Amino acid sequence: MMAQPDYKALIAAETWGFIRASEAAYPPDTASLSIADQRRIYDGMCRAFHRGYPPGVTARDECIAGVPCRIYPGAAPTVVYLHGGGYVVGGLHSHDDVCAEIRAVTGLGVVAVDYRLSPEHLHPAAFDDAVAVVRALTGPLVLVGDSAGGNLAAAASHALRGDTRILGQVLIYPGLGGDRSRGSYQTHAFAPMLTLADVDFYAGIRHGGHEVAGDATVAPLQDDDFSGLPPTVAIAAECDPLADDAHAYAAAIRAAGGRAQSFTAAGMVHGYLRARASVPRAAASFTQICTAISALAAGTWPYGDQK
């Protein structure tokens, strides 16, 4: 195991406050508990951080392609949001205020997808739900997801490669199936908020405890073709085992001739979207995320052509 970073130096005091508040609601050993307990604890944490809706934002629940969704009406194109939670926890409640704020900042309509969770529904259930909703929606789309949801957004983009309705994707600290024996997986194996042991657990949860390799519907980074994918913005948290996945994925798309840019949210930890009201760096990253969504929705690429 590599020497671990000095997180006291890397992580600012405001972020430590967020970490302590998160761990008070969601203890570090939660992934070792029963699925029911994980969901109960996660739901409680999400309630504790929920910020409500900005003025003028409304939402309604309805099924799309048989999948429960929450719709935040707004302008076209539509943002399809896929929530994080390790494929095990989360739903329409967990990222409700995040989606409402994306709607408020960008003005775009948002559809949050309540995909089926593991271990009751093994792969490809969540992937199938994500793809079904994207296929059923009309008009242009921007796919957005955080953590496990970033994986599902990218996997849907690979499966629907060439669908011109998908204007772009924004992936927020995504887990995309990178090599866990090296890089950030080892450097940040004991990071606050998400450890390598947690990643190992979630890597097998969709398959009854066994991992599947070389399947782009499971691990988009393990695809053998990165051509024809939509313009992509991938954002990593610096202090996160998953950090390298965002950069490796953007590099693979660029190498295949596509447009992709990756960023690192300095000093940030996995799950920092919930810190956007209390931590200036998280707030700045959330602004960057919304700016990327707006740019892709408008068909613009403000990052230059990097090959």
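Fair warning: this is a prediction, and the values are worked out from it, not measured in the lab.
- Of all heavy-atom pairs between Leu296 and Pro231, the closest is CD2-CB, 3.8 Å.
- At a threshold of 4.0 Å, the pair Asp43-Arg40 does not count as salt-bridged, since none of the basic side-chain nitrogens sits closer than that to a carboxylate oxygen.
- Within the model, atoms OH of Tyr173 and OG1 of Thr264 stand 14.5 Å from one another, a figure rounded to the nearest 0.5 Å.
- With 3.5 Å as the limit, one finds a donor-acceptor pair spanning the side chains of Tyr272 and Ser285.
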Arg276/Asp97 under salt bridge (Lys or Arg N to Asp or Glu O under 4.0 Å): CA gap, chis, key distance, verdict: CA-CA 11 Å; Arg276 66 197 183 282; Asp97 55 338; 3.0 Å; yes

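- Annotation: cation-pi pair Arg103/Tyr72 absent, no NZ/CZ under 6.0 Å from the ring centroid and within 45° of its normal.
- Across all their heavy atoms, Ala153 and Gly145 have their closest contact at CB-N, 4.3 Å.
- In this structure, His188 has its ring center closer than 6.0 angstrom to the ring center of Tyr7.
- Hydrophobic clustering (ILVMFWY, side-chain heavy atoms < 4.5 Å, transitive): Leu160 and Tyr249 are in distinct clusters.
- Between Arg281 and Glu238, none of the side-chain N atoms (NZ, or NE/NH1/NH2) sits under 4.0 Å from a carboxylate O, so this pair counts as no salt bridge.
- Going from atom OG of Ser32 over to atom CD of Gln38 covers 7.5 Å, rounded to the nearest 0.5 Å.
- Nearest heavy-atom pair, His270 versus Ser147, reported as atom, atom and distance to 0.1 Å: NE2-OG, 2.8 Å.
- Checked by atom type, the side-chain pair Thr232/Gln169 shows a donor-acceptor distance below 3.5 Å.
- In this structure, CG on Asp245 lies 11.5 Å from OG on Ser262, to the nearest 0.5 angstrom.
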Steps toward side-chain contact (heavy atoms from CB on, under 4.5 Å) verdict (Phe127, Arg206): CA-CA 10 Å; Phe127 166 76; Arg206 291 188 285 174; 5.6 Å; no

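- The closest side-chain heavy-atom distance from Cys290 to Ile102 is below 4.5 Å.
- Nearest approach of Gly267 to Thr15, heavy atoms of both residues: O-CG2, 4.0 Å.
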